[in-house]
Amino acid sequence: MTGRPAGRTAKIAVIAGDGIGPEVIEAAIPILDRAAAKHGFGLQWERLPYSADHYLRTKETLPDAAFHHLRDDVDAIFLGALGDPRLPGNEHARDILLGLRFKLDLYVNFRPVELLHPDLTPLRNPGTIDCVIFRENTEGQYLGRGRSSGDEHVAEEVNTGKGVERIVRAAFEWAKAHGKTRVTMSDKSNAIPTHRIWQETLQRIAREYPTITAEHRYVDALAMELVREPARFQVIVTNNLYGDILSDLGAGLVGGLGVAASANLHPGRRGGLFEPVHGSAPTIAGKGVANPAAAVLTGALMVEQLGHPDAARDLERAVREALTIGARTPDLGGKSTTREVASAIAARV
Ligand code: ATP
């Protein structure tokens, strides 16, 4: 990821969204402010109303003017979650979340999978789980191309040379910058012939990074290997759909969605869209038990991208320490509330 110069106030647009989104975002913001104050920079938050409630009230998902504002005037977007049982078609989320990813060309969905405490994994002897998934974010099946006629429903998957090359390159660049020695590309080229573009691209790009071992796994085999031997993976790069699925699998290996962070980025450009991997979790919304750790860790990715890696490390350490002393919401087997976990994290920044 490309950072920005330190020592200024960054403007952050906040789309707290639906369900537990507002709860985890409002819990995370004071913690991020505390880290910013400690590390000598400022965060200026601008809360935007776009959500299921807003859509149901106004029929507005994300107006053009708001999109232009998000594109031109802010340093980053911090998003909680979108999804509401009253909108089973998820039309507002499609416009806001997918719309921003596509229209801002945020082609990297960066999803760390890191075991923050040994007892968070369901595995017996996992070793050190510390890998990052580079999920292609602008192509694949998520473009929504296809057709339905009669009994036939066709979903098209788009893989362009440009799209595959830039995500594979982003994975290698990140690996190189972070001292990683292996990049694993995953596709299903044994069954889907067009996935050969992924193989060809991997081989071509890998030649430019002689210190990094490039390897390939079919996605089904990778899913199994991730469970059996997660510690051997460092950087995984894959398409939009497989990245979505593998990152939930990865989250399951390290404590679940309550601790899974993600960033949507266009390397080399400022800003990005930062959102926890989890959705709006309507069944626990409003009960004060949502785990704020994913939002705080997502905030850490954001401050790193804004040029403050020390603050990011500090936030990660604070989350780790809070988990270690047992500040845990029910999803992690604890009894703490969102607020209690947030206070425990804040006290350790
Ligand atoms: P989406 O379709 O938007 O991904 P979903 O309902 O399928 O949404 P999530 O909302 O991500 O999936 O959550 C699935 C379940 O995981 C929730 O019902 C909840 O039990 C748990 N969960 C997710 N995020 C959290 C969190 N931050 N804290 C506690 N539990 C969570």
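Order of listing sets the numbers, starting from 1, for every ligand and every atom in it. Note that this is a predicted model, so its numbers are computed, not measured.
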Are V74 and F41 in one and the same hydrophobic cluster, where Ile, Leu, Val, Met, Phe, Trp and Tyr link if side-chain heavy atoms are under 4.5 Å apart? no
Are any non-hydrogen protein atoms located under 4.0 Å from atom 29 (C) of ligand 1? yes
Mark up the atoms of ligand 1 that fall under 4.0 Å of a heavy atom belonging to S280, in ascending order. 10 (O)
Which pairs count as ring pair (Phe, Tyr, Trp, His ring centres under 6.0 Å) when at least one residue sits in residues 82-107, sequence neighbours excluded? Y107-H266
K162: partners by side chain to side chain contact (heavy atoms under 4.5 Å, CB included), with sequence neighbours left out: T160, R166
Where the closest heavy atom to atom 3 (O) of ligand 1 is concerned, which of G279, P330, A81, G256 has it? G279
Salt bridge R313-E316, side-chain N to carboxylate O under 4.0 Å: yes
Could you list which atoms of ligand 1 come closer than 4.0 Å to a heavy atom of A290? 28 (N)
Around K103, counting heavy atoms of other residues, nucleotides and ligands shown, do more than 12 lie under 6.0 Å from its NZ? yes
Given the protein's heavy atoms, is any one of them under 4.0 Å from atom 20 (O) of ligand 1? no
What protein heavy atom sits nearest atom 25 (C) of ligand 1, and how far away is it? I20 CD1, 3.9 Å
Hey, does A294 sit under 4.0 Å from ligand 1 if you only count heavy atoms? no
Compare N90, V24, I284 and give the one whose heavy atom is closest to atom 31 (C) of ligand 1. I284
If only atom types and distance count, is the side chain of R182 paired as donor or acceptor with the main-chain N or O of R232 below 3.5 Å? yes
Looking only at protein heavy atoms, which one is nearest to atom 27 (N) of ligand 1, and how far off is it? N291 O, 3.1 Å
Please tell me whether I77 and V24 are part of a single hydrophobic cluster in this structure, the criterion being side-chain heavy atoms less than 4.5 Å apart. no
Atom 5 (P) of ligand 1 touched by protein (heavy atom, under 4.0 Å): no
Heavy atoms of other groups near R71 CZ, more than 12 under 6.0 Å: yes
Can you find a protein heavy atom closer to atom 17 (C) of ligand 1 than 4.0 Å? yes
Nearest-contact summary for atom 24 (N) of ligand 1 - protein heavy atom, Å: H278 CB, 3.1 Å
Proximal atoms of ligand 1 relative to T283 (non-hydrogen, under 4.0 Å): 18 (O)
Same hydrophobic cluster for F274 and L97, using side-chain heavy-atom links shorter than 4.5 Å among ILVMFWY? no
Measure the distance from atom 22 (N) of ligand 1 to every protein heavy atom, then report the residue, atom name and distance (to 0.1 Å) of the closest one. A281 CB, 4.3 Å
Could you tell me the residue and atom name of the protein heavy atom closest to atom 13 (O) of ligand 1, and the distance to it rounded to 0.1 Å? L257 CD1, 3.9 Å
Just by distance, do the side chain of S247 and the backbone of D244 share a donor-acceptor pair under 3.5 Å? yes
